[in-house]
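Just the heavy atoms: all of them, side chains too, but no hydrogens, waters or symmetry mates, feed the values below.
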Amino acid sequence: MQLKKQTAACCAAVLILTALPAIPAQAAGTDLYVGYADKQGNYSTVNAAVSAAALRNPSSENDRVTIHIAPGTYREQVTVNTPYISFVNDDPSKQVTLTWYYGIGYKYYSVGSNGEYSADAARAKNAKNEPTQRWGCSVRLRSGSKFFRAENIIFENSFNRYVTDEEIADGVEVSGSQSINFWRQKGADVQQKSATERAAALAIESDYTEFLNCTFLSSQDTLYIGGGIGYFKGCTIEGNTDYIFGQNGTYVFDACELRFKGYSSGGVGGYITAMKDKKQTLFTGCRVTKGSLPVAAGYFGRPWGASADVAFVNTQLQYEGIITGAGWTSMSGNQPENAKFKEYGTTCNGQPVNTGSRVRGTVQYSANGLDTQTYLGAWVPYYLNGGTLPEIEPLSGTLVKELKPHDYMYEWKILENMPLDAKLYTDRDYAFRTLPEIFAGAEQIVTPCDGKKISGDLATFTAGDDISVFIAMDKRNQNLPAWMSGYWDTGLTAESTDNVTYGIWQQDFPRGTEITLGTNGMTGTVTNYTVIVKEQAIIIDPPDPTILGDVSCDNVIDARDLTLLKRHLLQQSGLTDTAYANADFDGNGGIDQNDLTALAEWLRGAG
């Protein structure tokens with residue numbers, strides 16, 4: 001076998017790349033259209049365009065599918081479960097409204113047995129079901145719809161606003177599951193308090209969602225935020241009861257309007273937020289206003305969970321009495337003084353409001369830590385600066401040149417003169433507890449751990465010299481990704497401060513080679529990998545002798561080896577040099593069905 005080479009690098013420096021989108025969303029990927037008869041790639045419904053986008057299987061920012069929606073009203077329940085999709089209204093002077101009419105406490109022909117819209121059920125009209133999924137939401141962003149964006153779109157649930165012809169034709173009637181018994185008919189006043197029930201306009205379950213100049217309309221439970229992280233810029237959210245609510249994750253509302261809708265039957269105090277534990281929500285530079293219907297003094301929020309964490313910073317009130325003196329109130333036995341509620345810098349007409357009666361401990365005297373960057377960490381949303389972001393220059397070290405992340409959503413670093421206790425990731429505090437001495441002084445590409453969520457390639461770089469590249473891969477990752485098929489197992493290991501063991505794999509590259517760093521297989525139960533680079537020198541020899549049949553390289557020949565060989569032959573995973581040699585059961589220098597058959601027969605005989 002060929003000898004492998006490495007040596008120590010020199011020069012101490014740290015270079016930092018903050019991960020930003022390098023190109024506007026509309027400059028790459030695919031453009032689809034809804035309501036544009038003269039456009040190629042046009043669809044009559046939003047759902048049809050979403051389905052077409054899913055077939056394109058976008059896996060990175062460069063694959064983003066932008067769905068341009070013509071002005072108009074689109075009455076359909078929309079579900080998105082594909083990453084890197086944008087909804088865009090190209091003419092903000094005209095309205096694009098995505099709306100649906102489901103509400104809790106009622107049943108409809110069109111609701112399937114799963115609690116969502118079903119075209120088959122709508123046609124058959126055999127039975128009625130209640131919309132039990134996400135409060136009858138008009139648009140649902142499921143967990144697969146990471147990096148979703150929307151610009152200048154109105155998301156509406158019409159249930160607490162008006163009765164539609166489609167709703168009547170859908171056989172709407174009281175289900176009996178709730179106390180509400182309001183008879184819904186065309187022309188009925190459904191904006192009165194007695195007609196109100198939960199009816200979400202949008203439900204978010206995915207990470208890295210962004211909204212620019214969008215509007216969300218309902219009365220109770222308007223906007224559900226339940227994904228990992230998200231950002232709203234210049235949006236309007238309207239409702240009465242808990243109209244921004246959620247669980248888990250971190251969300252920032254930047255310069256948004258928070259509007260109490262009011263009731264036609266008279267003013268009743270409302271609640272802007274209702275949050276559960278394990279969630280942080282920041283409202284920064286927002287305005288609290290009222291609509292045209294009567295409104296009574298309301299609250300910033302109430303704790304759906306005992307440790308709800310909500311901050312209002314530099315909020316502008318339309319008039320001081322729009323928020324009660326207490327500011328916050330209780331919910332389901334959870335008291336506001338025990339939650340993590342925070343208020344700083346609230347004003348009305350440019351003057352500080354009187355916060356002397358606020359719930360104990362909620363008024364802050366410093367805004368330290370209550371800012372967008374602190375909440376969002378390394379993630380820089382595309383819309384943070386209105387959707388115009390500068391190009392990011394590639395990073396270069398001594399051995400690593402032109403490091404170019406593909407997704408631009410995370411921070412990357414090049415660390416020269418790497419210490420043996422270096423951090424593994426830019427977005428975690430994990431460091432090496434043990435690392436072989438031969439890596440002291442090497443050059444390290446410090447990757448983002450959350451890069452494991454990306455299905456496509458993470459980055460490329462160019463070899464600045466004849467180099468050896470070492471991938472420290474979490475050993476819990478059972479399937480080596482295909483892009484590492486040329487790497488071989490050095491037999492070396494490292495351990496991190498969070499008790500994870502890493503196997504170290506190597507491949508040599510000549511000066512000028514472009515090297516791809518791919519996905520770890522989107523395996524969420526393990527960490528990502530980190531990269532170590534050294535000049536080539538003969539130090540480590542590949543493990544020897546070859547153990548025929550030990551495809552997993554664990555010194556045991558068992559059914560797992562057979563499975564790995566099958567996957568390789570089906571092109572579902574790659575093999576390292578060592579694994580390849582071990583899999584060549586008949587010794588002819590290649591791997592084929594004969595090796596699989598021979599290994600299977602050997603295992604039967606050994607058993």
I'd like to know if the side chain of T97 reaches the main chain of I154, judged simply by a donor and an acceptor atom lying under 3.5 Å from each other, with no hydrogens or angles considered. no

Measuring only between side-chain heavy atoms, which start at C-beta, is I85 closer than 4.5 Å to S145? no

For the residue pair S366 / N368, report whether a side-chain donor-acceptor contact shorter than 3.5 Å exists.
yes

In this structure, OG of S138 is separated from CZ of R75 (nearest 0.5 Å) by 9.5 Å

Does a donor on one side chain and an acceptor on the other come within less than 3.5 Å for S219 and N240? yes

Within-4.5 Å side-chain heavy-atom neighbours: L223 and F232:
yes

The side-chain hydrogen bond (donor to acceptor under 3.5 Å, both in side chains) partners of Q178 (sequence neighbours excluded) come to R198

Side chains of Y224 and Q247: donor-acceptor distance under 3.5 Å anywhere? yes

Decide yes or no for D63 and V65: does some side-chain heavy atom of the first lie under 4.5 Å from some side-chain heavy atom of the second?
no

Taking the six-membered ring for Trp, are F245 and W304 parallel (under 30°), tilted (30 to 60°) or perpendicular (over 60°)? tilted

### Task
List the steps, then state whether ring pair (Phe, Tyr, Trp, His ring centres under 6.0 Å) holds for W379 with Y231.
CA-CA 10 Å; W379 180 47; Y231 179 72; 7.1 Å; no

Rounded to the nearest 0.5 angstrom, the OG1-CD distance for T236 and E257 is 4.5 Å

- Message: I'd like to know if the side chain of K423 reaches the main chain of R428, judged simply by a donor and an acceptor atom lying under 3.5 Å from each other, with no hydrogens or angles considered.
- Response: yes

Paired with E238, the side-chain hydrogen bond (donor to acceptor under 3.5 Å, both in side chains) test is passed by just one of K290, R161, K261, namely R161

Between Y243 and F260, ring centroids under 6.0 Å: yes

> Between Y208 and F147, what is the ring plane arrangement, given parallel below 30°, perpendicular above 60°, and tilted in between?
Replying inline: parallel

Under the salt bridge (Lys or Arg N to Asp or Glu O under 4.0 Å) criterion, do R302 and D242 qualify, and how do the steps go? CA-CA 8 Å; R302 52 184 184 166; D242 307 333; 2.8 Å; yes

- Query: Is there a side-chain contact between D309 and T281 (heavy atoms, below 4.5 Å)?
  - Reply: no

Quiz item: Can you check whether T99's main-chain N or O pairs, donor with acceptor, with E76's side chain at less than 3.5 Å?
Solution: no

Exercise. Does the side chain of T284 come under 3.5 Å of the side chain of Y375 through a donor N or O and an acceptor N or O?
Worked result: no

- Does the side chain of V359 come within less than 4.5 Å of F341's, by heavy atoms? no

*Indicate yes or no: at least one non-hydrogen side-chain atom of S396 is less than 4.5 angstrom from one of E402.*
yes

In terms of heavy-atom contacts, T347 and V353 come closest through C-CG1, 3.7 Å

* Does the pair S51 and Y43 meet the rule for a side chain to side chain donor-acceptor pair (under 3.5 Å), with working shown? -> CA-CA 10 Å; S51 296; Y43 298 86; over 6 Å; no

*Using atom types as modelled and distance alone, determine if a side-chain donor or acceptor of Y251 lies under 3.5 Å from a backbone N or O of G227.*
yes

For this session: Establish, yes or no, whether the cationic atom of R149 lies under 6.0 Å from the six-membered ring centre of F211 and within 45° of the ring axis.
Result: no

Task: Check: G144 main-chain N/O paired with S206 side-chain donor or acceptor under 3.5 Å - done: no

Item checked: Short side-chain donor-acceptor distance under 3.5 Å, Q192 and S194 -> yes

Discussion item. Strictly distance-based, threshold 3.5 Å: is any side-chain N or O of R358 a donor or acceptor partner for the main-chain N or O of G325?
Written reply: yes

The reported gap from CD1 in I272 to CZ in R259 (rounded to nearest 0.5 angstrom) is 12.5 Å

Between K278 and K276, is there a donor-acceptor pair closer than 3.5 Å when you use the side chain of the first and the backbone of the second?
no

Checking Y101, Y106, Y102 against F159 for ring pair (Phe, Tyr, Trp, His ring centres under 6.0 Å), the one that qualifies is Y106

Check for me whether R64 meets the cation-pi criterion with Y84, that is, NZ or CZ under 6.0 Å from the six-membered ring centre and within 45 degrees of the ring axis.
no

Apply side chain to side chain donor-acceptor pair (under 3.5 Å) to residues S60 and N62 and explain how you reach the verdict. CA-CA 5 Å; S60 71; N62 288 335; 4.9 Å; no

Q95 CD: over 12 foreign heavy atoms closer than 6.0 Å
no

Separation between CZ (R134) and OG1 (T79), nearest 0.5 Å, reads 11.5 Å

In terms of side-chain heavy atoms, does R287 have a donor or acceptor partner in T315 at a distance below 3.5 Å?
-> no

| query | Parallel, tilted or perpendicular for Y299 and Y271, by the 30°/60° rule? | reply | parallel

query = Are I104 and E130 close enough that some pair of their side-chain heavy atoms sits under 4.5 Å apart?
reply = yes

Do I244 and L258 come close enough that some side-chain heavy atom pair is under 4.5 Å? yes

Check your understanding: Should we count CD of Q373 as having more than 12 external heavy atoms under 6.0 Å?
Key -> no

For this session: Without swapping roles, check the side chain of D31 against the backbone of I67 for a donor-acceptor pair under 3.5 Å.
Result: no

- Hey, are E156 and Y162 close enough side-chain-wise for a donor-acceptor pair under 3.5 Å? yes

Interatomic distance, CZ@R56 vs OG1@T82, rounded to 0.5 Å, equals 11.5 Å

- Message: Any side-chain to backbone donor/acceptor pair from N157 onto G103? Under 3.5 Å, distance only.
- Response: no

Subject >> F87 and F148 aromatic ring geometry - parallel, tilted or perpendicular at 30°/60° bounds >> reply: perpendicular

Open item on the list: Regarding N47 and T45, do their side chains bring together a donor and an acceptor under 3.5 Å, going by distance alone?
Closed with: no

The reported gap from CG in L517 to OG1 in T460 (rounded to nearest 0.5 angstrom) is 8.0 Å

| Aromatic ring pairing F300/F312, orientation class (parallel under 30°, perpendicular over 60°, tilted between) | tilted

Review point. In terms of side-chain heavy atoms, does S264 have a donor or acceptor partner in Q191 at a distance below 3.5 Å?
Key: no

